[in-house]
> 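Got a structure for you, written out below as structure tokens; questions coming shortly.
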Amino acid sequence: MRRPFIAGNWKMNTTEDEAVVLARAVAAGTGGVLCDLALCVPFPHLGPVRSALAGSHVALGAQDVYWEPKGAYTGEVSTAMLASYCRYVIVGHSERRQLFGDTDAWVRRKLEAVLASPLDPIVCVGELLGERRSGETEAVLERQLAAAFTGLPLSARVTVAYEPVWAIGTGETATPAVAQEACAFIRASLRHLGGEAADSVRIQYGGSVTPENAPDLLACPDIDGALVGGASRKSDQFAAIVASARP
Ligand code: 13P
């Protein structure tokens, strides 16, 4: 069975002091939980937050990575650089795709590099509002998944986050039925790409997850966890979301 996995994505927020205080509060507020937990923090805070989380049940993650091992790539970080700090890395977040030009092909190269490293990927997919309205949701998900995963091994190391772009930071959450339908489609697409190993991949829902909507979302059969933005920066809200995850 897939163990639930809840990750916080702090995005470009927090000072170093705030990051340490928040990480400690999350670790203190989520003791005894029955799911895997991670905090994906800004690059400069990986070191301080690693110290704050040392010995705790909360894992650390980064928010992006570059595929080359080293070289003249100003501003970028490699898998090896991250692997000495953290376990997880987000790949293909919609904000990277929309604001920074990450293409399906780039997401693929990043994912290949991550799978060849000790890091575990959280691969984000999701449709724009216009794509949903015009009935293209499944085609978009299928295209993003095929670009990322064709020919790569699926395993429990892999997490896919379904983040409909229209639900991110908008307060508009996908209903459990809509989220479950998309996550079931993602599971079927992964089975098509990678066979039975798709059943070990965890699929998170992301997009305006709150303590109020988390229980119904997390009860859906193909939703194995959540990738939480805004509510992950309030330790009490994040703890409440985590508490609603049941194996
Ligand atoms: P919000 O929870 O703030 O909508 O953000 C979701 C997200 O993008 C997580 O990666």
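For ligands, and for the atoms within them, numbers begin at 1 and follow the listed sequence. The figures that follow rest on heavy atoms only: side chains count, while hydrogens, waters and symmetry mates do not.
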> Go through ligand 1 atom by atom and flag the ones less than 4.0 Å from a non-hydrogen atom of Gly207.
4 (O), 6 (C)

> Which atoms of ligand 1 have any heavy atom of Ser208 under 4.0 Å away?
1 (P), 2 (O), 4 (O)

> Are any of the side-chain heavy atoms of Pro69 and Ser78 separated by less than 4.5 Å?
no

> Any atoms of ligand 1 less than 4.0 Å from a non-hydrogen atom of His93? List them with their elements.
7 (C), 8 (O), 9 (C), 10 (O)

> Under 4.5 Å between side-chain heavy atoms, hopping through other hydrophobics if needed: is there a path connecting Tyr205 to Leu128?
no

> If the contact criterion is a heavy-atom separation under 4.0 Å, does Ala167 count as touching ligand 1?
yes

> Pull out every atom of ligand 1 sitting under 4.0 Å from any heavy atom of Glu163, numbered as shown with elements.
6 (C), 7 (C), 8 (O), 9 (C), 10 (O)

> For atom 4 (O) of ligand 1, tell me which residue out of Gly169, Gly230, Ser232 has the closest non-hydrogen atom.
Gly169

> Side chain or backbone, does Lys11 bring an N or O within less than 3.5 Å of an N or O on ligand 1?
yes

> Between the main-chain N or O of Ala198 and the side-chain N or O of Arg187, is there a donor-acceptor pair closer than 3.5 Å?
yes

> Below 4.5 Å, heavy atoms only, C-beta onward: do Asp222 and Phe185 meet side chain to side chain?
no

> Please check whether Thr170 reaches ligand 1 - meaning an N/O of the residue sits under 3.5 Å from an N/O of the ligand, judged on distance alone.
no

> Determine, using heavy atoms of Gly206 and all atoms of ligand 1, whether some pair is separated by less than 4.0 Å.
no

> Run down the list Gly171, Ser94, Gly229, Ala161 and name the one with the heavy atom closest to atom 6 (C) of ligand 1.
Gly229

> Would you find more than 12 non-hydrogen atoms of other residues, nucleotides or ligands less than 6.0 Å from Glu181 atom CD?
no

> Which of the numbered atoms in ligand 1 are under 4.0 angstrom from any heavy atom belonging to Leu227?
9 (C), 10 (O)

> Is there a path from Val242 to Val228 through hydrophobic residues (I, L, V, M, F, W, Y) whose side chains come within less than 4.5 Å of each other?
yes

> Within the structure provided, determine whether Ile168 and Ser94 are in side-chain contact (heavy-atom separation under 4.5 Å).
yes

> Are more than 12 heavy atoms, taken from residues, nucleotides or ligands other than His57, located less than 6.0 Å from that residue's NE2 atom?
yes

